[in-house]
Amino acid sequence: QVQLVESGGGLVQAGASLRLSCGASGRTFSVKAMAWFRQAPGKEREFVSAITWDGSSTYYADSVKGRFTISRDNPKRTVYLQMISLKPEDTAVYYCASSPTTNGLGYATTYRYWGQGTQVTVSS
């Protein structure tokens with residue numbers, strides 16, 4: 001199994017920045033990619049960004065391109081999501097997830113393990 005723990009969420013004003021972290025432990029040798037998803041109240045969970053474990057490829061939802069940056073620190077087994085120019089519509093619970101494959105990274109069903117989520121609230 002892989003355990004994922006997110007941190008870094010909080011309450012900020014529109015235009016502010018936040019950096020989310022996701023620490024992985026356990027059988028991380030099985031992980032081929034990591035991603036961030038988010039879920040706002042009353043909405044389905046949506047893809048935000050993904051990165052292959054070797055960092056060679058990154059992917060972003062159109063709604064966050066140019067504002068969010070995903071990165072990883074393999075020795076620390078940590079993935080980050082740097083968010084700038086936050087908007088009220090970015091308000092959601094952000095989840096970290098790990099995948100045993102590099103295919104289909106935009107789909108929640110690809111991911112095997114999930115963290116507990118961290119709340120991001122952006123006020124206008």
Side-chain angles (χ1 to χ4, degrees):
Q1 287 191 343
V2 176
Q3 293 78 42
L4 303 172
V5 179
E6 304 99 331
S7 61
L11 171 62
V12 297
Q13 291 189 330
S17 300
L18 276 177
R19 189 178 79 158
L20 305 182
S21 299
C22 174
S25 61
R27 300 169 67 86
T28 56
F29 61 84
S30 66
V31 174
K32 295 296 186 288
M34 299 281 289
W36 290 94
F37 284 74
R38 66 186 181 186
Q39 188 166 19
K43 295 187 177 181
E44 294 187 354
R45 191 168 298 190
E46 66 172 355
F47 172 78
V48 175
S49 182
I51 186 168
T52 52
W53 194 245
D54 63 2
S56 61
S57 298
T58 57
Y59 307 89
Y60 296 94
D62 288 342
S63 58
V64 306
K65 280 181 182 177
R67 299 188 300 120
F68 291 11
T69 303
I70 193 170
S71 62
R72 90 280 181 263
D73 184 332
N74 281 358
K76 293 184 179 179
R77 295 191 290 183
T78 300
V79 173
Y80 304 98
L81 186 68
Q82 179 68 51
M83 307 184 292
I84 66 171
S85 302
L86 283 162
K87 305 174 182 180
E89 50 263 46
D90 294 319
T91 295
V93 177
Y94 283 70
Y95 296 92
C96 176
S98 68
S99 170
T101 177
T102 56
N103 298 318
L105 294 181
Y107 302 97
T109 52
T110 296
Y111 297 84
R112 184 171 184 183
Y113 297 104
W114 294 80
Q116 81 289 350
T118 185
Q119 177 71 47
V120 172
T121 304
V122 184
S123 63
S124 56

J.: Measure the shortest side-chain to side-chain distance between Ser71 and Asp73 over non-hydrogen atoms and say whether it is less than 4.5 angstrom.
T.: no
J.: Does the side chain of Leu86 reach to within under 4.5 Å of the side chain of Phe68, using non-hydrogen atoms?
T.: yes
J.: Determine yes or no for a side-chain-to-main-chain donor-acceptor pair under 3.5 angstrom, with Ser85 supplying the side chain and Arg67 the backbone.
T.: no
J.: Rounded to the nearest 0.5 Å, what separates atom CE in Met83 from atom OG1 in Thr69?
T.: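 Result: 11.0 Å between the selected atoms.
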J.: Does Arg72 reach the side chain of Trp53, with side-chain heavy atoms less than 4.5 Å apart?
T.: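 No; the side chains remain at least 4.5 Å from each other.
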J.: If you measure from CD on Gln119 to CG on Leu11, what distance do you get to the nearest 0.5 Å?
T.: 9.5 Å
J.: Under 4.5 Å between any side-chain heavy atoms of Gln3 and Gln1, yes or no?
T.: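 A side-chain contact under 4.5 Å exists here.
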J.: Under the 3.5 angstrom rule, does the side chain of Thr91 hit a backbone N or O of Pro88 as a donor-acceptor pair?
T.: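 The answer is yes, because a donor-acceptor pair under 3.5 Å joins these two groups.
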J.: Report the distance from atom OH of Tyr111 to atom CG of Leu4, rounding to the nearest 0.5 Å.
T.: 11.5 Å
J.: Looking at side-chain heavy atoms only, is the closest gap between Arg38 and Ser63 below 4.5 Å?
T.: yes
J.: Taking Glu6 for the side chain and Cys96 for the main chain, is one N or O donor matched with an acceptor at less than 3.5 Å?
T.: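 Answer holds: yes.
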J.: Taking Asp62 first and then Lys65, would you say they form a salt bridge - that is, a charged N and a carboxylate O separated by under 4.0 Å?
T.: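 Between Lys65 and Asp62 there is a salt bridge, with a charged N closer than 4.0 Å to a carboxylate O.
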J.: Could you check if a side-chain atom of Gln13 sits within less than 4.5 angstrom of a side-chain atom of Ser123, using non-hydrogen atoms only?
T.: yes
J.: Rounded at 0.5 Å granularity, tell me how far CE in Met34 sits from CG in Leu105.
T.: 11.5 Å
J.: Say you draw a straight line from OG of Ser98 to CZ of Arg77; how long is it, rounded to the nearest 0.5 Å?
T.: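 Between Ser98 OG and Arg77 CZ, I get 12.0 Å after rounding to 0.5 Å.
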J.: Give, for atom CH2 of Trp36 and atom CD1 of Ile51, the distance between the pair rounded to the nearest 0.5 Å.
T.: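 Going from the CH2 atom of Trp36 to the CD1 atom of Ile51 covers 12.0 Å.
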J.: Validate the cation-pi geometry between Arg45 and Phe37: distance from NZ or CZ to the six-membered ring centre under 6.0 Å, angle to the ring axis within 45°.
T.: no
